[in-house]
Structure formats: structure tokens, C-alpha cells
There are 2 protein chains.
Amino acid sequence: MARPRKPLLSRDRIVEAASALVDAEGLDAVSTRRLAAELGVSGPSLYNHFRNKDEILDAVADAVSAQVDLSMFDESDGRDWQHALHDWAVSYRAALAEHPHIVPVLAQGPGRRPAGLRVADAAFGAMVRAGWPPAQATYIGALMRYFITGSALGSFARGFVDDETAYDPADYPHLGQAHLLADRRQQVDEGAFETGLRALLDGLALQYEQGRAAHTVRPAPKRS
Amino acid sequence: MARPRKPLLSRDRIVEAASALVDAEGLDAVSTRRLAAELGVSGPSLYNHFRNKDEILDAVADAVSAQVDLSMFDESDGRDWQHALHDWAVSYRAALAEHPHIVPVLAQGPGRRPAGLRVADAAFGAMVRAGWPPAQATYIGALMRYFITGSALGSFARGFVDDETAYDPADYPHLGQAHLLADRRQQVDEGAFETGLRALLDGLALQYEQGRAAHTVRPAPKRS
DNA sequence: ACCTGAACACCGTTCAAGT
DNA sequence: ACCTGAACACCGTTCAAGT
């Protein structure tokens, strides 16, 4: 069997199988040979559809970005920018939490991934419409992404080890034993995310008001 | 030459060589064979000092965490918690920016890395001394880490590609061409970091005041 | 166009053997 | 205790060959 009359593979099938493998067994489990075997073909076949393995993982990451809800940025939605940002952040984080093993790939900037760029574009556009100057709108998109991907990647729940002996209280006087319980760790992740998100939105609201005030009460001198 | 009278290797020498290799050529360039060659020994020798390759990379990451300045958390410093957090964040990010290739390893939670844990411990302790309830202090340490590692990892400057054709304006109506210039991208990273850090600190200050008010003006009913 | 097996130049890790 | 070479079971990718 050299070339079948109907192609055995497609980019979509490959991405689907790769995603399942990443979710089930982690990034390290994905080898071209293993993935090909999962698809019932031989390793080199993949190279008819992707230039290399990194492109496959990029596509897996982008499929996750495509799951992020962006409807809160619709003009017809009527929510203010703070609520839109909040709902977006929650949806974004939830999408990443469903596929934690691919987050290290996804977190490395939007790169040339279409869905990742669409996410950035939607947030930026909504902030500009809400009255943010374009430069600030760009910053907001980026800093929200920093916080959200950072929280998905640096999760306390996944970052600690289930071995109390690794954490000698003499070395870390303040980190109580309580932090080390798995339940407590997940609580920390949620609390930190909610606290951070609230702080970010409150802080941005302050900057937004200051911008308004500068514009209306004491308008900047016009220069061209 | 089987066993030399003076050991050829040490954990420190290995970490030093691995760090240099990671910085110069990236994570992918680090193989046990390549690293051993760099040190003038054969591959398996490394296993006398580290259990496996991951432990070596963990040690490289931890060496970076050890570079983070923590002196702003000293009791004698006299700065308030907001300025301490600010200076810490800036120093933390600068340390990561000097070794960008190891950030994906470092960002995955503090795990069992001693220096990473010391950083978390210092921030937590300082927040508690400043009057934050322990639960909130934990959240602050975690959320600051999310934001800082996220910004080091998801940098716009490193995430985009130097190929304008990859970004069709028809697909991303709001992302102007200006974002694609290398200079502009670095500016975005700095602006986003500063804007986000300011928002976080302002937002946390608001929560701090609310906590104070709840405590003094309308004290919570004592139970136990 | 799309799949194959063979091949190349690598991997991480184990282990018996040497001193 | 600490290094070695040999070996095992893998890798990612290229390429000529097949239809």
C-alpha cells in the first residue's frame, strides 16, 4: 500500500489525535512515531501534512485558543469593558485548564497561530471601542494574557510534589504545611486567580478614570 | 581512565555548563551527551550527580530564582508593602529576562526547587508582616508569580515572527502592522508589564483598605 | 499527491567493568 | 565513589521508491 485512493490522513485528524495524546499522557508522550501509530500510519507520513513536529504542537495549542469564548466582546453585548474582560479571563483560563499539558506551548506568545491572534485581536478591538487609547488597549491584551497563561502554567496544584519531606519548615519558615495538601493547593490557585483578576480590573478602572479626567477636565494641548 | 583521584564533575560544574548551553543555544540544545562533551566527560557520567536530565534543568531554573533580589522584604527596609512588591516584581522579571530559554521550566510552579520556594516564602512572610491575612498573602505571592512568569514567557517580542506575510490584516482587523516591528514589540512588553504591575498594586491597595475598614470600622464578630 | 521502509544522526538511561 | 564503553529502546527527519 503506497498511496491510497482516499487520503488516510488530514491536518485535522492529526491534530485531533495529537490533542488526545497530549491530554492523556502529556507532551513527552508525543513522538512522531507514536502519533503516527495512533493514526494507523507510519511516522514519515505526517510530513506530508506538517513541516515538522513543532507545527503539529502549535496546531494543538491553537485548537485550544479556538475554544476561548469571545462573545463578550461583541458590540451588541452591551456589557462594559470591565465585565467583558472579566468573563473573557474566566473563559480563557477554563479553556487552558482543560488542556494543561499544552499550556507551555501556548504560553509562548501568539506567534503565528491564527486562533491565538484572533483572541488578541478581539480583546484589543473591544478595548479601543470602550474608549481606551490604542497603545493602552494593546497593553491590556498582553497583560491579561500574561496573567492568565501564567496562572494556568504556574499552578500551585500541579507545581508541588506530594512528598512532605521535600519541604523542610526550617528552610521555608512561612510556608505552612497546610499549603502542601492537594486540596489546599487548588484553593490557592483559585483564590490567587480571583484576587489577581479583581485587582487587575480595579487597577485598570482607576487608570481608565484618570485617562478620562485628563481628557475632559484638563484636556491635553492639541498638537496636530 | 576510570575513576580519577579528583572528581572531574560536581553538581555545580554541571549546572554552570548547562546554564551556559541553555542561554547560548536554547533548551533543545541540551542533551546529556552534548552537555557531557562540553564538560569533557562521557554522557553517563552525569548520572553520578543527577538522577536524570529533568533534575539538571530544574537546577538550572533554580539558579535563576536564586538571582532574584529579596532584600526589599527585609524588615529593616522600611518600605511599605506596595513598594516592596513593585521592586520585587521588577527584579524578578529582570532575572528571568536574562535567561529567557529556561523560563518554561521555571514557570511550572516552584515544585521542589529550593530557591523558587525561598522566593515564595519571602514574599509571603513580608505580606503577612504588612498586615495581610495569611490566606491573602498566599494569593498575592502566587498571583504576582503568575503575572511575572507569564510576562517573561509570553513576551510579544519573542512570540511573533519576523515575516509580515504571516499576519493578514483581513484576518486580524485590529492588530496594526505597527505591532509587528521588533522595536514596537519590545515596547509592548514593557508597557504591558508596567501597566499590569501598576494595576495589580493599585487593585491590591484597594482590597487592603477594604480589609482594614472591615476590621476597624465594622469589626467582624469574634468566633473562638 | 500521499504513503512506505530504509537510513542517518541523533536521543535518555542502564549497567557491568574498571580503578 | 566516579568514570567508561557498550548496549537498549527509542527519537526527528530525509529520501528514494511505489502507486
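Just so it is clear, the model here is predicted, and its values are computed rather than measured. To find a chain, count down the sequence lines: A is the first, B the second, and so on, and within it residues start at 1.
In this structure, NZ of Lys53(A) is placed 14 Å from P of dC11(C), rounded to the nearest angstrom. When the C1' atom of dA1(D) is taken as reference, atom OH of Tyr47(B) falls 19 Å away, rounded to whole Å. Taking atom CG of residue Leu39(A) and atom P of nucleotide dT4(C), one finds them 11 Å apart after rounding to whole Å. Here the C1' atom of nucleotide dT19(C) and the NZ atom of Lys6(B) are 18 Å apart, to the nearest Å. One atom, CG of Asp28(A), and another, C1' of dC11(C), lie 13 Å apart when rounded to the nearest Å. When rounded to the nearest whole Å, the span between CZ of Phe50(B) and P of dT13(C) equals 13 Å. Across the protein-nucleic acid pair, Leu35(A) atom CG and dC11(D) atom P stand 11 Å apart, rounded to whole Å. In this structure, Leu46(A) atom CG and dC2(C) atom C1' are separated by 12 Å, rounded to whole Å.
Between Trp132(A) and Trp81(A), the two ring planes are perpendicular [angle over 60°; tilted spans 30° to 60°].
Between Asp189(B) and Tyr146(A), the side chains place a donor N or O and an acceptor N or O closer than 3.5 Å (distance only, hydrogens not considered). Side-chain atoms of Ser10(A) and Asp12(A) form no donor-acceptor pair, as typed in the model, at a separation below 3.5 Å.
Side-chain atoms of His49(B) lie closest to dC3(D) of the nucleotides dC3(D), dG12(C), dG12(D). Picking from dT13(C), dG5(D), dC2(C) the nucleotide with the shortest atom distance to the side chain of Pro7(A) gives dC2(C). Set against dC11(D), dC2(C), dC3(D), the side chain of Asn48(A) has dC2(C) as its closest nucleotide. Here the nucleotide nearest the side chain of Arg33(B), chosen from dT14(D), dT14(C), dC8(D), is dC8(D).
Around CD of Glu16(B), the count of heavy atoms belonging to other residues, nucleotides or ligands within 6.0 Å does not exceed 12.
Residue-to-nucleotide proximity on DNA chain C shows that, of Pro44(B) and Ala29(B), the 5′-proximal contact is made by Ala29(B). Of the two residues contacting DNA chain D, namely Val41(B) and Gly43(A), the nearest-nucleotide position lying further toward the 5' end is that of Val41(B).
Look at the C1' atom in both dC3(D) and dC15(C): the space between them is 13 Å, to the nearest Å.
When both pairing distances are held under 3.5 Å, dA1(C) makes a Watson-Crick or G-U pair with dT19(D). In this entry dA6(C) has dT14(D) as its Watson-Crick or G-U wobble partner, both defining distances falling under 3.5 Å.
At the heavy-atom level, Ser45(B) lies under 4.0 Å from base atoms of the strands shown. Thr32(A) comes within 4.0 angstrom of a nucleotide base, judged by non-hydrogen atoms across all strands.
Partners of Asp54(B) according to the salt bridge (charged side-chain N to carboxylate O under 4.0 Å, His left out) rule, which considers only residues two or more places apart in sequence or in another chain, do not exist here.
Considering only side-chain N and O atoms, Ser42(A) lies under 4.0 angstrom from the phosphate OP1 or OP2 of dT4(C).
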